[in-house]
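Contents: one structure, followed by commentary.
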Amino acid sequence: MEQQLSTDAIRIALPDGSVRSYDGPVRGDEIAADIGPGLASAALAIRVDGTMRDLASVIDRDAEVSIVTGKDADALALLRHDAAHVMAEAVQELYPDTQVTIGPAIENGFYYDFARSEPFTPDDLARIEERMREIVDRDEAIVREIWDRDAAIEFFKNLGEHYKAQIITDIPEGEAISIYRQGQWLDLCTGPHLPSTGKLGKAFKLMKVAGAYWRGDSRNEMLQRIYGTAWADQKQLKAYLHMLEEAERRDHRRLGREMGLFHVQEEAAGSVFWHPKGWTLYRLLQNYMRTRLEHAGYVEVNTPQLVDRSLWERSGHWEKFREHMFTAEAEERMLALKPMNCPGHVQIFRHGVKSYRDLPLRMAEFGACHRNEPSGALHGLMRVRAFTQDDAHIFCTEDQVTGETAAFCALLQNVYRDLGFDDVIVKFADRPAKRAGSDETWDRAERALTEATAAAGLATIPNPGEGAFYGPKLEFVLRDAIGRDWQLGTLQVDFVLPERLDAVYVGEDGQRHRPVMLHRAILGSFERFIGVLIEHHAGRFPLWLAPVQVVVAPITNDADAYAGQVQAALAGAGLRTEADLRNEKINYKVREHSLAKVPVIAVVGAKEAAAGTVALRRLGGAQQEILALEEAVATLRQEAASPFSR
RNA sequence: GCCGAAGUAGCUCAGUGGCAGAGCAACUGAUUCGUAAUCAGUAGGUCCGGGGUUCAAAUCCCCGCUUCGGCACCA
C-alpha cells in the first residue's frame with residue numbers, strides 16, 4: 001500500500017455531488033461527523049470508490065466517499081459478519097476450550113464453525129445468545145490492527161488456535177494480516193466491520209447447530225457450525241421467522257401426507273409409494289409433458305432397467321458412476337439398474353443405419369432410474385433413489401447444436417410458465433476435474449454451448465467445474481413463490497458418449513460421422529418436480545392439476561340423489577369429482593375439503609335440487625356462485641383444460 | 001457417508017424406573033343442519049428393531065435401522 005504524506009488538500013466527493021476538502025488524511029467517522037451529528041451516530045462504515053471499509057479507516061487521497069448506515073442494503077452483510085464475531089466471542093467466553101475457524105455472513109444470516117470435543121446443545125445456544133446480547137450492551141469498540149505474519153501465527157499457536165494459525169499460514173505472502181479486536185477478544189479477519197458491538201443491535205437469533213467439514217472437504221475433520229439469523233431491526237427478524245414458518249407450512253412431506261398424495265417408509269428408503277391422488281397428479285404432469293414433447297418433434301421410447309455391466313463399462317458409467325449404481329446378479333452375470341437413460345438411447349440410435357436426414361433425432365423417455373444416493377442426502381421427494389426423468393437425447397450434427405439448444409430453451413420456458421413458474425435463472429457449468437474426453441473435445445463442446453446460449457438470447461451465470469463428466473451443461477434454476485431456488489432443468493452437450501458407444505450416421509458426403517448428443521430434461525425428475533410444485537403452490541394446485549377438482553357436498557341427505565346427478569354430470573365432462581354424502585353439517589364438509597385444498601366445492605341443498613343449480617365455492621374465497629348445472633359444468637370444464645393440448 | 005437430534009395409536013404429542021395416555025382422525029349410534037369443527041359411545045399399541053442392566057424398562061446402557069437439521073454429494 002502506498003503511503004503518501006502530502007500536504008495537498010484531500011478532496012472527498014459525496015453522493016449528493018458536493019465536495020469536501022481536508023488538509024490531510026481524514027477518517028470516515030470524521031467525515032460523517034462533519035456532515036452532521038445525526039449521520040455521525042448512524043454511520044456504520046464508509047464506501048470509498050465503491051469499496052466498503054471500516055468507518056475509522058483513513059482516506060489519504062482524493063476519493064468518492066459515501067457513508068453507510070443501517071438503511072444501506074449492504075449494511076446487512078456487515079451486521080451479519082459482526083454477529084458471527086460476537087457469537088464467536090460469546091462462545092469463547094463461555095467455552096474456553098473451543099477453537100475458532102471461520103464465520104462468514106450468508107444469505108439471511110451468518111454462521112461460525114467451531115472446533116470443540118463436546119457437542120453444543122440447544123441449551124448452549126440459548127446461553128450463547130444471551131451472552132451475545134451482553135456483548136452488544138458492552139458496546140465494545142471494534143478496532144482493526146495490522147500484524148506481522150509470523151507473529152500472528154505464533155500468537156494463535158500459543159493460544160491453541162491451530163485452525164487460525166493454519167489459515168494465516170495459507171494467506172499469500174504480501175497480503176496484510178489484519179486482526180480485529182473487540183474488548184478482550186480478537187480474530188483474524190479481512191473486515192470491514194462495524195465501529196462497535198453495540199451497532200449490531202439485537203435483531204438476531206441463533207437457529208441451529210450442525211456439522212460441517214473443515215474447509216468443506218469430507219476428508220477433513222468435522223466442525224460444529226452454529227447458524228444464526230441477523231437483521232437490521234426486530235420487524236425484519238420477525239418477517240424472516242414468519243417466512244420460515246410459511247416454508248414449514250408448505251413442506252411437501254407434510255402436505256403430501258395431509259393431502260394423501262404419497263408416503264415413504266423405511267423398507268424402501270428413497271423410493272416413493274404414490275397414493276391414488278398423488279399418482280393422478282403424476283400422470284397429469286406426464287401426459288402434459290408427453291403432449292408438449294410430441295408437439296416439439298420428439299419420439300418416445302422405453303429402455304431396459306437392468307443392463308449388463310459391460311454396457312456400463314463401455315459408456316464410462318462403471319468407471320465414473322459405479323458407487324451410485326445398484327447392481328444385481330443373475331446367472332453369473334452382473335447387471336446394474338440404470339442410473340441414466342443415455343446408453344440405452346444410443347443402443348436404439350445404433351439400430352439400423354442413420355443418415356444425416358434422420359437428424360436431429362429427438363429421443364424422449366420417461367426413464368425410471370435408480371441411483372444409490374448417500375443416506376444423508378435423502379429428503380422427501382426432493383432427493384430419492386428411484387425416480388423418473390423427463391429425459392431426452394437429441395442426436396444432431398455440430399451445426400445443429402445452436403438451433404436445438406434455442407428450441408429447447410423455448411420449450412422449457414413455455415413448460416415452466418404453464419406450471420406457474422416465471423422466474424428462471426440459467427447457469428453455465430463447465431468442465432469438472434473428473435471427466436471423460438480430451439481437452440480439445442471439451443473446448444469444442446463448451447464453445448458450441450456458449451454460442452447456442454448467445455443465440456437463444458440467454459444470460460448465463462458461470463458455474464465453474466460443475467459440468468457432467470461427459471460434457472458441459474446448462475442448469476435451469478427456478479425461483480419459487482417464497483423465493484427459494486431449485487435446480488431442475490438441464491441441457492448437456494456430449495461429444496464423448498457417441499464416441500464411446502460408437503454412434504454414427506452417414507453424412508451428405510457418404511462418409512460416417514459422429515453425432516453430437518444433447519442430454520436434456522425440463523422437469524428433471526417427476527418426483528422432485530412434484531415436490532417443488534407442491535411447495536410452490538402450497539398444495540393449492542391449479543385446477544387442471546388438482547387430483548380432486550370438485551367435491552359435491554349436499555347440505556342434508558335429502559339432496560343426496562341430486563348430488564349424485566351433479567357428480568355424474570361433472571364426471572361426464574371429464575372433471576375429477578367426489579360426492580361427500582356423509583351425515584355431517586355443511587360447515588364441517590366445507591372446512592374439511594378446504595383444508596384438503598380441493599379447488600371447488602359444489603354445495604347442493606333443497607333449493608339447488610329444485611332449481612337444477614349448484615352453488616360453487618372456490619378455495620380461499622368466501623363468496624358462492626350459483627349457476628345452472630349445465631353452465632357450471634361448462635365453466636369448470638373450460639377452466640380445467642390443460643394449458644397445452646393438441 | 002459424516003456431525004447432532006429424534007422415533008410412543010392413522011396424525012400431533014404427553015408420559016425420567018412401578019397399570020400405556022390426551023386431542024384430532026376412524027368406527028357405532030343419535031342428530032338432517034345453508035358455506036371452515038353437532039353430540040354421545042366404541043375400538044385402536046412390536047412404545048423403531050435387537051441385545052443388556054434391574055424384582056421391575058417407553059424410561060438407564062450398548063448395537064443397528066429410519067427420519068429430521070446441516071455438511072459432503074446431487075435430478
Side-chain angles (χ1 to χ4, degrees), chain A residues 111 113 116 118-122 124 207-227 248 251 253-254 257-258 260 263-270 321 323-324 339-341 367 369 371-391 466 468 473 475-476 486-490 492 519-529 531-532 553-560 582-596 601-608 615-624 626:
Chain A
Y111 67 77
D113 286 349
R116 177 176 180 244
E118 287 283 294
F120 289 111
T121 66
D124 292 337
M207 305 299 285
K208 56 197 166 200
V209 56
Y213 296 107
W214 165 238
R215 297 195 155 161
D217 189 327
S218 61
R219 288 167 302 192
N220 291 341
E221 59 273 34
M222 184 150 280
L223 306 170
Q224 294 189 67
R225 175 172 297 177
I226 301 180
Y227 282 97
E248 200 179 321
D251 190 308
R253 293 163 301 184
R254 173 188 178 144
R257 185 179 58 239
E258 288 175 359
H263 86 269
V264 289
Q265 67 187 49
E266 62 179 85
E267 290 86 345
F321 213 74
E323 58 187 322
H324 295 292
M340 297 181 191
N341 306 299
C369 295
R371 294 183 192 171
N372 193 0
E373 299 291 347
S375 57
L378 301 181
H379 178 93
L381 296 179
M382 301 301 189
R383 196 72 183 275
V384 290
R385 288 182 174 148
F387 55 94
T388 301
Q389 297 176 310
D390 64 319
D391 199 11
E466 293 297 320
K473 61 182 176 185
E475 299 171 336
F476 298 88
W486 302 96
Q487 200 229 296
L488 300 162
T490 180
Q492 306 166 8
H519 305 241
R520 38 73 37 201
I522 297 175
L523 307 182
S525 85
F526 282 91
E527 285 75 9
R528 175 181 283 185
F529 193 86
V532 173
I555 287 168
T556 70
N557 292 150
D558 293 341
D560 282 2
R582 292 174 306 171
N583 176 11
E584 294 290 351
K585 295 171 90 160
I586 192 63
N587 281 313
Y588 183 90
K589 294 182 185 178
V590 166
R591 174 181 159 82
E592 195 162 81
H593 298 300
S594 297
L595 288 174
I601 303 173
V603 177
V604 293
K607 279 186 286 188
E608 287 75 15
L616 299 184
R617 184 197 163 101
R618 310 279 178 158
L619 181 58
Q623 292 292 323
Q624 52 177 329
I626 298 179

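The sequence lines fix the lettering, A, B, ..., with proteins before strands; numbering per chain opens at 1. What you see is a predicted model; the values in this text were computed from it and never measured.
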Practice item. Could you let me know what B:G34 is paired to, Watson-Crick or G-U wobble, both distances under 3.5 Å, or none if it's on its own? Key: none
Practice item. Identify the nucleotide, in any strand shown, that forms a Watson-Crick or G-U wobble pair with B:G29, with both distances under 3.5 Å; if there is none, say none. Key: B:C39
If you restrict it to nitrogen or oxygen atoms, what contacts under 3.5 Å exist between nucleotides 8-15 of chain B and the protein, and what is each distance?
{"residue": "B:U12", "atom": "OP1", "partner": "A:R257", "partner atom": "NH2", "Å": "3.1"}

**Study point:** B:G21 to B:A58 separation - P atoms, rounded to the nearest Å
**Key:** 13 Å
Check your understanding: With side chains defined as the heavy atoms from C-beta onward, is the minimum distance between A:F387 and A:R371 less than 4.5 Å?
Key -> yes
Exercise for review: Determine the minimum heavy-atom distance between A:Q492 and A:A468, stating which atoms define it.
Suggested key: OE1-CB, 3.8 Å
Point to revise | Side-chain donor or acceptor of A:D124 paired with backbone N/O of A:T121 under 3.5 Å | key: yes
**Study point:** Watson-Crick/G-U partner (both atom distances under 3.5 Å) of B:U16
**Key:** none
Point to revise | Flag if over 12 foreign heavy atoms under 6.0 Å of CD, A:Q265 | key: yes
Review point. Relative to the 5' end of RNA chain B, which residue comes earlier, A:R591 or A:A606, by the nucleotide with the nearest heavy atom?
Key: A:A606
Practice item. Please work out if A:A615 contacts a base, only the sugar-phosphate, or nothing of the nucleic acid, heavy-atom cut-off 4.0 Å. Key: base
Review point. For nucleotides 62-75 of chain B, read 5' to 3', which letter fits each nucleotide if B means a protein heavy atom sits under 4.0 Å from the base, S means only the sugar-phosphate is that close, and - means neither?
Key: ---SSSSBBBBBBB
Study note, to complete from the structure: If pairing means Watson-Crick or G-U wobble with both distances under 3.5 Å, then the partner of B:U53 is none
Tabulate atom names and distances for all N/O pairs under 3.5 angstrom spanning the protein and nucleotides 42-45 of chain B.
none

Practice item. Answer with base, sugar-phosphate or nothing: what part of the nucleic acid does A:I586 contact at a heavy-atom distance below 4.0 Å? Key: sugar-phosphate
Check your understanding: Would you find a donor on one side and an acceptor on the other, under 3.5 Å apart, between the side chain of A:Q224 and the backbone of A:R116?
Key -> yes
Practice item. Give a yes or no on whether a salt bridge exists between A:D217 and A:R219, defined as a side-chain N under 4.0 angstrom from a carboxylate O. Key: yes
Exercise for review: For B:C48 and B:A6, measure between their C1' atoms and round to the nearest Å.
Suggested key: 11 Å
Check your understanding: Which nucleotide, in any strand shown, forms a Watson-Crick or G-U wobble pair with B:C68, with both distances under 3.5 Å?
Key -> B:G4
Practice item. Tell me what A:E608 touches on the nucleic acid: a base, only sugar-phosphate, or nothing, going by heavy atoms under 4.0 Å. Key: base
Review point. Checking all strands, does A:K589 fall into the base, sugar-phosphate, or nothing category for heavy-atom contacts under 4.0 angstrom?
Key: nothing
Check your understanding: With both distances kept under 3.5 Å, what pairs with B:C11, Watson-Crick or G-U wobble?
Key -> B:G23
Practice item. Can you establish whether the number of heavy atoms outside A:E221 located under 6.0 Å from its atom CD is more than 12? Key: yes
Review point. Counting N and O atoms only, with roles assigned by atom type, does the side chain of A:R385 sit under 3.5 Å from a partner on the main chain of A:E373, one being a donor and the other an acceptor?
Key: yes
Practice item. Quote, to the nearest angstrom, the P distance that separates B:G64 from B:A5. Key: 15 Å
**Study point:** A:N587 side chain near B:U35 phosphate (N/O to OP1/OP2, under 4.0 Å)
**Key:** no
Check your understanding: Would a distance-only check, ignoring hydrogens and angles, find a side-chain to backbone donor-acceptor pair under 3.5 Å from A:R383 to A:L378?
Key -> no
Review point. Backbone N or O of A:L523 within a donor-acceptor pair of the A:D390 side chain at under 3.5 Å?
Key: yes
Practice item. Find the partner of B:G44: check Watson-Crick (N1-N3 plus N6-O4 or O6-N4) and G-U wobble (N1-O2, O6-N3) distances, both under 3.5 Å, and reply none if neither fits. Key: none
Practice item. Kindly write out the residues that satisfy side chain to side chain donor-acceptor pair (under 3.5 Å) with A:R582, not counting sequence neighbours, or none if the list is empty. Key: A:D580, A:E592
Point to revise | Residue pair A:N220 / A:Y213: nearest heavy atoms and the distance that separates them | key: O-CD2, 3.4 Å
Study note, to complete from the structure: Closest heavy-atom pair, A:V604 versus A:A559, reported as atoms and distance to 0.1 Å, is O-CB, 3.7 Å
Each nucleotide N or O in nucleotides 24-29 of chain B that has a protein N or O under 3.5 Å away: list the pair and distance.
{"residue": "B:A25", "atom": "OP1", "partner": "A:Y588", "partner atom": "OH", "Å": "3.4"}

**Study point:** B:U32 base / A:D558 side chain donor-acceptor hit below 3.5 Å
**Key:** no
Review point. If you measure from the C1' atom in B:A75 to the same atom in B:A14, how many Å do you get, rounded?
Key: 41 Å
Check your understanding: Between A:Q389 and A:N341, what is the shortest heavy-atom contact and its length?
Key -> OE1-ND2, 3.1 Å
Practice item. Quick one: list whatever passes side chain to side chain donor-acceptor pair (under 3.5 Å) with A:N587, sequence neighbours left out. Key: none
Exercise for review: Indicate, yes or no, whether a donor-acceptor pair under 3.5 Å links the base of B:G4 to the side chain of A:E118.
Suggested key: no
**Study point:** Nearest heavy-atom neighbours spanning A:G270 and A:V384
**Key:** O-CB, 3.0 Å
Review point. When you compare B:U8 with B:C60, how far apart are their P atoms, in angstrom units rounded to a whole number?
Key: 15 Å
Exercise for review: Provide the distance between the two P atoms, one in B:C19 and one in B:A57, to the nearest whole Å.
Suggested key: 11 Å
Point to revise | Euclidean distance for P, B:G50 against B:A37 (whole angstrom) | key: 44 Å
